[in-house]
Amino acid sequence: MSVSEQPSATGTATGTAAEIAAGYAFDGAALDLGALLWDGVCHPDARIRIPLPVLNRHGLVAGATGTGKTKTLQLIAEQLSAHGVPVFLADIKGDVSGISAPGADGEKVRERAGQVGQEWRATGFPCEFYGLGGTGPGIPVRATVTSFGPLLLSKVLRLNQTQEQSLGLIFHYADAKGLELVDLKDLRAVVAFLVSDLGKPELKGIGGLSTATAGVILRALTAFEQEGAGGFFGEPEFDTGELLRTAEDGRGIVSVLELPAVQDKPQLFSTFLMWMLADLYNDLPEVGDLDKPKLVFFFDEAHLLFSGASKAFLESITQTVRLIRSKGVGIFFVTQTPRDVPGEVLAQLGNRVQHALRAFTPDDAKALKATVRTFPNSPYDLEEVLTGLGTGEAVVTVLSERGAPTPVAATRLRAPESLMGPVDAAVLDAAVKASPLHGRYAEAVDRESAYEKLTAEQHAAESAALEAAAAAEAEKAAKAAEKESAKTGARAPKPEPSLAEQVVGSGMFTSLARSIGTQLGREISRSIFGTARRRR
């Protein structure tokens, strides 16, 4: 059966439609997505819902551009917040900030509410606004290079597999020698040291890292900094535990990461989102299945994360997604087609909201057929339905309270109750400055780290070299004087050791790298994603 473009606003589910509706009649708390569409009729009494406890089983929101994916995210986020569940949203286009303000009533909103049996009420929800590295509006979100880890940084720098492995060795060296990599200049300083004359012996000791590969990494870092990416790394590092907060009235806070200012750096912001998930995974305890998730994380433009990813990177994503469920965190990947998500990850996404797909080209038709195959058996002609859905309509299947897939249901979605569009820039700026987190993260801090330590060691080495050269000249002069004295029969007194000779004799100049290693030698424990484990 197909879905007509203009279904009726009323109808009582009978027959097959009633069987589908029965699959969504849950006993516990659930989110309302909308009403069932069947045989050209919208059935407001047949509510399509997602049980709250299964939202940590992850999900997928997919569909062509302009089909209503963003409004679906807003709809789900509102209801999660109302149930006391914190939410994270990445705002790529700059139109999600409206979730903080009450929606605008109007004819279209009232019409949609009537069609799906919704008691619509304009409502704003508690929000925090963040900006990546302080670029654009929002509280700055930064990460230290050390905690970001070599796998994620390799993705950002677009390194190949060999270079990725080499960067891992560099991180291992810095961890072991106590060289803290806070920002990009720290990492650049370590790489530059390893390819310098002083550091080459250390480079050989690492094993498997060639001078040429280290040079490639150094050039990639330099180019990355020149693109203006340096501000995204540094301190104070964002504590991802902030995403788990609730408001005073018990509603979950919706954390909105404003990304329009960096939408030309898709590899960067998609990888930063993965760092947030990895960091949450590191810090959160195992809790098993809860009555409601601790956090639901919407990963927009998910195809950017997987595009060009190395095997190690994909394995780490898969493992993180699989295991973070037991920490009480649910993830919804948002993209255009399920084919954008690797099969190993897609298999873990139990809740599906598929908006309309287009079939204008042979590739589109192939993607459509592949999408249909990812759904359970259905009485619908899904190829016809998916190409005929209107804006704000979707095909849904979720996990029931007992973990079994619900019947596939074509659904007319409810209208969000918050503003469907951006808030005014002045309102957004005022909200950011009024946040209790603003003072904690607004100003960047540049403390002593690898760059400063290596620079100080280099200066010390240069000073010691000058002293050594002076000592050598003094010794040469003394020997010449002894020779002259021997000729005349007089014996010159043996000179006292100079300061330079004392410095050299103390072993300070024996090895710059060994001196570094003894300062703060420690090994950082890293997670399955290569991110550093930290204690809050």
Side-chain angles (χ1 to χ4, degrees), residues 31-34 61 63 65-113 116 118-132 135-139 141 242-243 245-247 249 251-263 269 273 295-301 332 334 353 355 390-394 412-435 437-438:
L31 310 186
D32 280 307
L33 294 180
V61 178
T65 301
T67 56
K69 296 192 300 294
T70 302
K71 299 302 175 283
T72 298
L73 306 188
Q74 193 168 340
L75 172 67
I76 297 174
E78 289 177 353
Q79 296 185 64
L80 285 167
S81 175
H83 280 89
V85 178
V87 177
F88 174 87
L89 291 172
D91 188 5
I92 308 293
K93 300 186 289 287
D95 56 359
V96 180
S97 59
I99 197 171
S100 63
D105 196 0
E107 182 180 345
K108 289 185 177 180
V109 169
R110 289 194 296 271
E111 180 183 2
R112 174 58 63 95
V116 300
Q118 176 185 4
E119 295 181 6
W120 188 89
R121 182 176 57 191
T123 310
F125 294 83
C127 288
E128 287 282 8
F129 298 99
Y130 299 98
L132 202 55
T135 302
I139 297 163
V141 173
E242 310 283 12
L243 304 179
R245 295 159 56 228
T246 56
D249 61 5
R251 291 185 296 173
I253 290 179
V254 181
S255 298
V256 181
L257 183 62
E258 295 291 337
L259 294 173
V262 294
Q263 59 183 313
F269 71 68
L273 296 184
L295 172 73
V296 175
F297 193 104
F298 289 92
F299 206 122
D300 207 354
E301 301 292 340
F332 273 76
V334 186
V353 181
H355 287 265
T391 302
E393 295 176 348
R412 174 158 289 181
L413 299 169
R414 293 159 65 101
E417 295 182 337
S418 57
L419 183 64
M420 289 186 279
V423 297
D424 185 77
V427 174
L428 179 58
D429 186 61
V432 171
K433 290 180 179 176
S435 169
L437 304 182
H438 185 264

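- Counting heavy atoms from C-beta outward, L73 and V96 have side chains that stay 4.5 Å or more apart.
- Going from atom OG of S81 over to atom CD1 of I76 covers 13.5 Å, rounded to the nearest 0.5 Å.
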Take S97 and E258 through the side chain to side chain contact (heavy atoms under 4.5 Å, CB included) test and state the conclusion after the steps.
CA-CA 8 Å; S97 59; E258 295 291 337; 3.7 Å; yes

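- Counting heavy atoms from C-beta outward, I92 and F269 have side chains that approach closer than 4.5 Å.
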Show the numbers, then the answer: is there a side chain to side chain contact (heavy atoms under 4.5 Å, CB included) between L243 and Y130?
CA-CA 11 Å; L243 304 179; Y130 299 98; 4.3 Å; yes

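- The closest donor-acceptor contact from the side chain of Q74 to the backbone of L419 lies under 3.5 Å.
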Under the side chain to side chain contact (heavy atoms under 4.5 Å, CB included) criterion, do E78 and V254 qualify, and how do the steps go?
CA-CA 8 Å; E78 289 177 353; V254 181; over 6 Å; no

Walk me through it: do F125 and V87 pass the test side chain to side chain contact (heavy atoms under 4.5 Å, CB included)?
CA-CA 11 Å; F125 294 83; V87 177; over 6 Å; no

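- Note that the CZ atom of R414 and the CD atom of Q118 stand 4.0 Å from one another [nearest 0.5 Å].
- Distance check, rounded to the nearest 0.5 Å: CD of E128 to CG of L257 gives 12.5 Å.
- Within the 3.5 Å criterion, the main-chain N or O of V256 finds no donor-acceptor partner in the side chain of D91.
- Side chain of D429 to backbone of K433: no donor-acceptor contact under 3.5 angstrom is found.
- The structure places CG of L89 at 10.0 Å from CZ of F129, a figure rounded to the nearest 0.5 Å.
- Interatomic distance, T67 OG1 to E393 CD, rounded to the nearest 0.5 Å: 11.0 Å.
- Annotation: side chain of E242 is not in contact with side chain of I139 (no heavy-atom distance under 4.5 Å).
- Remark: F297 CZ to F88 CZ distance equals 4.5 Å, nearest 0.5 Å.
- Between K71 and L413 there is no side-chain heavy-atom pair separated by less than 4.5 Å.
- Proximity of a side-chain donor or acceptor of Q263 to a complementary backbone N or O of P260 within less than 3.5 Å is detected.
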